Every structure is written in structure tokens, then in C-alpha cells.
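Start at 1 with the first residue, then count along the sequence. It should be emphasised that the depicted structure is a prediction, and the values quoted were computed from it without experimental measurement.
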Amino acid sequence: MRGWWQDLTDLVLPAECGGCGRPRAVLCPECRAALTGTAPSRVRPVPEPSALPVVHAAAPYEDAVRAVLLAHKERGALALAGPLGTALAGAVRAGGGEWPVLLVPVPSARRAVRARGHDPARRIALAAAGELRRTGTSARVVGVLRQRRAVADQAGLDSRQRLANLAGALEVPAGSARLLGGGPVVLVDDLMTTGASLAEAARAVRAARAGWAAASGEFDAGRMAKEAVGTPAVTGMTGPGRRGDGIRAAVVAAPPDSFQINRN
């Protein structure tokens with residue numbers, strides 16, 4: 001568990017670049033360019049979960065980008081949340097659609113949050129929302145997803161095993177479902193690998209909206225369909241993740257081969 005003094009030291013006196021280790025820099029110009037220097041793109045894992053919404057990513061998960069994400073997540077380099085949030089904001093913008101937008105972080109396992117001393121996805125989401133607002137885009141973080149049961153460590157699991165491991169693992173508490181009615185939802189995370197976490201998050205959000213609609217009659221399906229304009233279907237993608245349900249996703253990074261969206 002990190003102490004408050006460690007957080008303060010990282011913010012005021014950064015020891016080294018999170019990407020390459022260059023001294024006295026939170027993120028050097030070269031590593032910052034690797035993270036945010038190219039336009040965000042749609043990404044698509046193979047195989048692709050049927051319930052996965054359309055996903056945009058800021059950068060391939062390799063080299064400096066991989067090092068930056070690991071430094072923030074596993075080593076508690078909290079000053080990196082700013083540039084990572086800027087990268088995530090770019091991926092959110094790339095998805096288009098209507099505004100304001102609700103950023104819904106995919107939650108980490110409770111034991112992981114305790115071990116790390118922070119929730120990386122939520123921290124980056126808050127930084128992204130701030131960046132979006134500074135550039136004139138209305139956005140807020142709605143941290144409504146919760147783990148309803150324990151899951152196994154995902155490391156070493158293939159895509160099918162990850163889907164099975166996460167099936168039904170997330171939920172939106174009944175009292176929080178109404179918060180999802182304020183605009184289109186963008187599920188956000190630091191990294192997409194197989195897409196299993198984002199697919200499960202999308203399932204939980206859809207279930208919460210459906211339950212809220214049945215209980216209150218306040219959910220406006222027509223409005224949400226209008227908000228989904230600008231998030232068109234991707235050729236070859238099928239399933240509930242491609243409906244006009246006002247749900248999409250954005251991540252900082254994804255595997256390099258997932259950027260090859262127009263495969264033959």
C-alpha cells in the first residue's frame with residue numbers, strides 16, 4: 001500500500017520517464033509521442049466477443065506505451081495519469097456520437113486495487129474527463145460498475161477462458177442504474193486484450209438500463225438511438241455490441257494486431 005508521501009513525491013519530483021527511464025521527466029517527448037502522437041483508431045480483437053461494443057484505442061500496446069501503462073498500474077507512478085488521460089480522451093473523441101458523454105470505468109478486482117493502492121482505470125478516466133472538459137466536450141465519470149463475484153486471475157487465460165471467467169461477474173447496483181440515463185455511455189479501460197472485460201461491462205450496463213426502464217419507464221430508447229448516431233456498425237461485426245444502444249468503448253492501448261480492423 002502506497003503512502004500519501006509517495007504519491008506527493010511522484011507528482012512533485014518525478015524520478016524517471018515512465019516509458020524509457022530517462023531521469024527527471026514524468027514522460028519524455030519521445031514516449032509522449034508514442035502514446036498520443038498518432039490518431040486513435042478502431043480496434044478489434046480476434047476472436048471477437050459477440051457482445052463487444054465498438055472500441056477505439058489511442059496506441060498499440062508495445063514498447064514505451066506498454067512500459068507507461070505498467071508503471072502507472074503496477075508501480076504506482078500516479079503522475080502518468082495525466083498523459084494517459086489525454087490519450088484516453090482522444091480515443092473517446094474518435095468514437096464520435098452525441099455529447100455529453102458518460103465515462104464508465106471497467107473496475108479492477110478488489111484484491112488488485114488493495115494491492116496496488118489505487119484503481120488505475122478510474123484514475124485515468126477522471127483525467128480523461130478533465131481533458132475532455134478543458135477542450136470543450138462535456139463529460140463526466142460514472143463509476144457504477146461493481147464486481148458481484150470473485151474472478152480468477154486473467155493472466156494465462158485464452159480468450160474463451162477469459163469470457164467464461166468474467167461471465168456475469170459485473171453488475172450495476174439497482175440504485176445506480178438511473179445514473180446511466182444521462183447520455184451515451186463510453187466504457188473505458190487502460191488496456192483491451194481479448195475484449196472480454198469490455199464485453200462483460202457492456203452486458204452489465206445493458207442489463208441495468210433494461211431493469212431501470214422496466215421499473216421506472218424513464219428510459220428513452222428513441223433518444224439513446226439518436227445518441228448512438230456517429231457510432232456506426234463496423235463491417236463484419238455482428239451481435240448486441242453493434243446495436244444502436246448508445247454504448248461504445250475507448251481504451252488507451254490495444255494489441256498491435258487489433259488495429260488491423262479491415263482484415264480479409
Exercise. Looking just at side-chain N and O atoms, do R162 and T193 make a donor-acceptor pair shorter than 3.5 Å?
Worked result: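 Result is yes, a qualifying pair exists.
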Which pair of non-hydrogen atoms, one from [X] and one from [Y], has the smallest distance, and what is that distance?
X    : Y    : answer
A253 : V65  : CB-CG1, 3.9 Å
A250 : L88  : O-CD1, 3.5 Å
P256 : E62  : CG-OE1, 3.6 Å
R140 : A129 : CA-CB, 4.5 Å
P107 : L170 : CG-CD2, 3.8 Å

Problem set entry | For D189, all residues meeting side-chain hydrogen bond (donor to acceptor under 3.5 Å, both in side chains), sequence neighbours excluded |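 Once residues adjacent in sequence are excluded, D189 has no partner under the side-chain hydrogen bond (donor to acceptor under 3.5 Å, both in side chains) criterion.
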For this session: Hey, could you give me each pair passing ring pair (Phe, Tyr, Trp, His ring centres under 6.0 Å) that has a residue in residues 150-190? Not counting sequence neighbours.
Result: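 Sorted result for residues 150-190: empty, none.
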For this session: Just jot down the side-chain contact (heavy atoms from CB on, under 4.5 Å) partners of S41, sequence neighbours excluded, or say none.
Result: F259
Problem set entry | Listed partners of S159 passing side-chain contact (heavy atoms from CB on, under 4.5 Å), at least two apart | P47, T194
Side-chain donor-acceptor pairs of residues 141-152 under 3.5 Å, sequence neighbours excluded:
{"from": "R146", "atom 1": "NH1", "to": "G143", "atom 2": "O", "distance (Å)": "2.8"}
{"from": "R146", "atom 1": "NH2", "to": "G143", "atom 2": "O", "distance (Å)": "3.3"}
{"from": "R148", "atom 1": "NH1", "to": "G168", "atom 2": "O", "distance (Å)": "3.0"}
{"from": "R149", "atom 1": "NH1", "to": "N165", "atom 2": "O", "distance (Å)": "3.3"}
{"from": "R149", "atom 1": "NH2", "to": "N165", "atom 2": "O", "distance (Å)": "2.8"}
{"from": "R149", "atom 1": "NH2", "to": "A167", "atom 2": "O", "distance (Å)": "2.7"}

Residues 25-33, side-chain donor-acceptor partners within the protein, below 3.5 Å, at least two apart:
{"from": "E30", "atom 1": "OE1", "to": "R22", "atom 2": "NH1", "distance (Å)": "3.4"}
{"from": "E30", "atom 1": "OE1", "to": "R22", "atom 2": "NH2", "distance (Å)": "3.3"}

